[in-house]
Every structure is written in structure tokens, then in C-alpha cells.
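Below: the structure, in C-alpha cells.
All heavy atoms count here, side chains included; hydrogens, waters and symmetry mates do not.
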Amino acid sequence: MARAVKFDRYGGIEELKVVEVPTPKAGPGRVVVEVLAAGINPGEGYIRSGALHERWPATFPSGEGADFAGRIVEIGSGVGGIEIGAEVLGFTDERASHATHVVVPAEQVTLKPSKLDWDVAGSLYVTGTTAFAAVRAIDPQVGDTVAVSGAAGGVGSIVVQLLRARGATVLGIASEVNHDWLRKVGVIPVAYGAGLIDRIRAAAPDGVGAFIDTFGAEYVDLAIELGIAVERIDTIVNWEAAERYGVKTDGNAAAGTIDVLAELADLAAGGTVEVPIAAVYPLDKVQEAYRELEQRHTRGKIVLHP
């Protein structure tokens, strides 16, 4: 038997439980992965609470999790180019990675670079591809000044580094506890809270050309007030504001491919992108992991070890 996180109805963190389930089998074109690390993401909490029922309804009992890294333990018919024991990272579209084993189509895994840390590999898909899409959406050029909200969070911490790799000047909006890390990766930190717009203008006297919102709240309104063109504003969370102003909403769905994941894995393995790991929890402590995540003040990723 395998073990997996499940919930039987919409509700709070207390709905999450770890149960025994049949070990998945590799059908044609699919592989079974023994999961060694799996990242958790805010969107999974919103799905569990029912807040995204209209957009992404759950079918009960529901599993959760998209990101994973581990070793291939079974290969289905018709799968070539990969062997039992291969170290891989990948994604599932079936809310199933928070488990000891996951079965996915073979085209949804890619070989893990040997230098890539397991925890980073297991938490790279959702945040990494979301960050990739958001950066691509605003098309940064060398010398652009771009502001990023939630700049030290799971997505934001990757966004700011991808922007720096493209030659942009980056203003990272974050709590002061994260300012030293932002400076280390070449970002100009700006404290959030009252008076933020004045601090942004002081940090960028020639203006801000683009804005990526990874946090929500009033940041799209702030970007509009800064005079940024709507086609150069992207939010990954505030769909109401996006509809109101006509700004972009490019995120995971716009770049969630295995090719993008492989590119991000190479960037992380080579040191171009650092993925901070905020905390690691065993699978049995999944409730505690989500309690920490929902504080919304973590730097980088929280990871489960099945």
C-alpha cells in the first residue's frame, strides 16, 4: 500500500488527512514514481477551502499536490528512454503528488540534473512555471525597471531572479526580514505597507515600466496608480482586478510544460536561480506545513517528505 494526503469535503486545514491507498500501477505510456520531495502551494489551500470551486472544482475524496521529485519504480508499456531507478522531477494534473507514490504520463517527467537538490526539484513545477509565464508576459528588456509584490515568496523569489537574468532592474516588495536575501540576488528591496507608493517612486525616480503581482490585495491598483501600461502588468492571483483593468493573468497554465520545467531545473542546478527552502515537513505533518504556508511570510518553498 501507498500513503497519500486526502480530504473528503471543502474546509480548513483540519480536513487534510494521510491515508493508505493502493500503490498506483503504471498503465500504457505511464510511469510510477516513488516521491522523495513534493512542494506545497497556496492554490492547493484555496482549492481545499472551496474558494476556487467555480474555477477548479474538487471531486471527493480529493488528493492534492502537483509538484514532485523522486525515482522511477515502474514503467508502463510503450515508454522508452527512461529506466527503473532514474531520478526525475515532474508534475501531475490529478492532484496526487502529496503521496509516497504517483503515477503520471511519461512525458510529464524529466531527468533531474545531478546537482539539483531534491527539495528544490520537488517544488519547482508550480512556482517555477508560474514565474516563467509571468516574466514572459511582461517581456522585460535590458534596463527595464520592474516591481514585484511578494518578492521573497515561492513564486516571487523565482520571478525576481528570472528578471535579473534578463537584465532588468528589480524592485522587490517584501517584509524587511527578507531584504538581505533580495539584495544578495541583486534586487532592490522595498518594504510593503503604508507609504509604499512613495517608497517605490523614491527607489525608481525614472518610473517603473512593469509590475508582477504574486501576492494579491491592492497591488494591481497600485500598479495602475504608478501609471504602468495594462499590457505590462501581470497578476497570478487577483483575477477580479485583472478583469476590471484588463491586465494579464499569465501563470502556471501559460507555461506548465515539461520543456519549461527542464529549463528551470537546469537554471537551478547551474546556480542562475536559487530556490530558497523555507521548511521541510514529513507527510504526516501536512497540516502543520499548510499552517506555516498560510502565514504568507515564508521565504521560498515549503516541502513535504513522503
Side-chain angles (χ1 to χ4, degrees), residues 1-8 17-41 43-44 47 56-130 132-133 251-269 282-284 286 303-306:
M1 297 290 284
R3 299 169 71 239
V5 176
K6 298 284 186 181
F7 60 99
D8 294 325
K17 57 187 177 181
V18 179
V19 300
E20 287 195 342
V21 295
T23 302
K25 300 297 182 183
R30 296 165 75 86
V31 296
V32 176
V33 178
E34 179 187 10
V35 179
L36 300 181
I40 69 173
N41 298 287
E44 292 149 6
I47 289 171
W56 294 302
T59 300
F60 303 113
S62 177
E64 66 172 15
D67 307 62
F68 65 84
R71 294 188 180 93
I72 301 288
V73 293
E74 187 181 346
I75 298 172
S77 61
V79 176
I82 199 164
E83 299 178 349
I84 297 292
E87 297 182 348
V88 298
L89 67 156
F91 64 93
T92 171
D93 296 320
E94 299 172 0
R95 299 177 188 164
S97 70
H98 295 169
T100 58
H101 297 77
V102 62
V103 58
V104 295
E107 60 269 21
Q108 289 179 203
V109 298
T110 186
L111 292 175
K112 182 181 80 68
S114 60
K115 293 183 179 179
L116 186 62
D117 177 83
W118 279 109
D119 291 338
V120 174
S123 57
L124 193 56
Y125 171 66
V126 170
T127 54
T129 59
T130 300
F132 185 98
N252 169 256
T257 69
I258 200 63
D259 290 339
V260 170
L261 180 59
E263 180 178 342
L264 290 164
D266 287 339
L267 290 172
L283 195 67
D284 287 335
V286 62
V303 183
L304 295 175
H305 278 185

Rounded to the nearest 0.5 angstrom, the CG-CG distance for Leu304 and Asp119 is 10.0 Å
Compare all side-chain heavy atoms of Glu87 with those of Leu36 and state whether any distance is below 4.5 angstrom.
no
Under a 4.5 Å cut-off applied to non-hydrogen side-chain atoms, are Trp118 and His305 in contact?
no
So Val35 and Leu283, do their side chains get closer than 4.5 Å, heavy atoms only?
no
Going by the angle between their ring planes, with limits at 30° and 60°, are Tyr125 and Phe91 parallel, tilted or perpendicular?
parallel
Heavy atoms, side chains only, cut-off 4.5 Å: are Glu64 and Ile40 in contact?
no
Looking at CD of Glu44 and CD1 of Ile47, how far apart are the two atoms once the value is rounded to the nearest 0.5 Å?
7.0 Å
His101 and Val73, any side-chain heavy atoms less than 4.5 Å apart:
yes
So if I apply the side chain to side chain donor-acceptor pair (under 3.5 Å) rule between Asp67 and each of Thr129, Asn41, Thr127, which one comes out positive?
Asn41
To check you understand the geometry: which heavy-atom pair defines the closest contact between Ala269 and Lys115, and what is its length?
O-CB, 4.1 Å
Are the side chain of His98 and the backbone of Gly39 linked by a donor-acceptor contact shorter than 3.5 Å?
yes
In Å, rounded to the nearest 0.5 Å, how long is the span from CD1 of Ile258 to CG of Leu89?
6.5 Å
Distance in Å, Arg71 CZ paired with Lys112 NZ, rounded so as to fall on 0.5 Å steps
8.5 Å
Between Thr23 and Ala2, which heavy-atom pair has the shortest distance, and what is it?
OG1-N, 3.3 Å
Distance, nearest 0.5 Å, that separates CD of Glu34 from CD1 of Ile72:
11.0 Å
Strictly distance-based, threshold 3.5 Å: is any side-chain N or O of Thr100 a donor or acceptor partner for the main-chain N or O of Arg3?
yes
I'd like to know whether Glu74 forms a side chain to side chain contact (heavy atoms under 4.5 Å, CB included) with Val103, so could you lay out the CA-CA distance, the side-chain angles of the two residues, the decisive distance to 0.1 Å, and finally the verdict.
CA-CA 9 Å; Glu74 187 181 346; Val103 58; over 6 Å; no
Less than 4.5 Å apart, any side-chain heavy atom of Ser62 and any of Lys6?
no
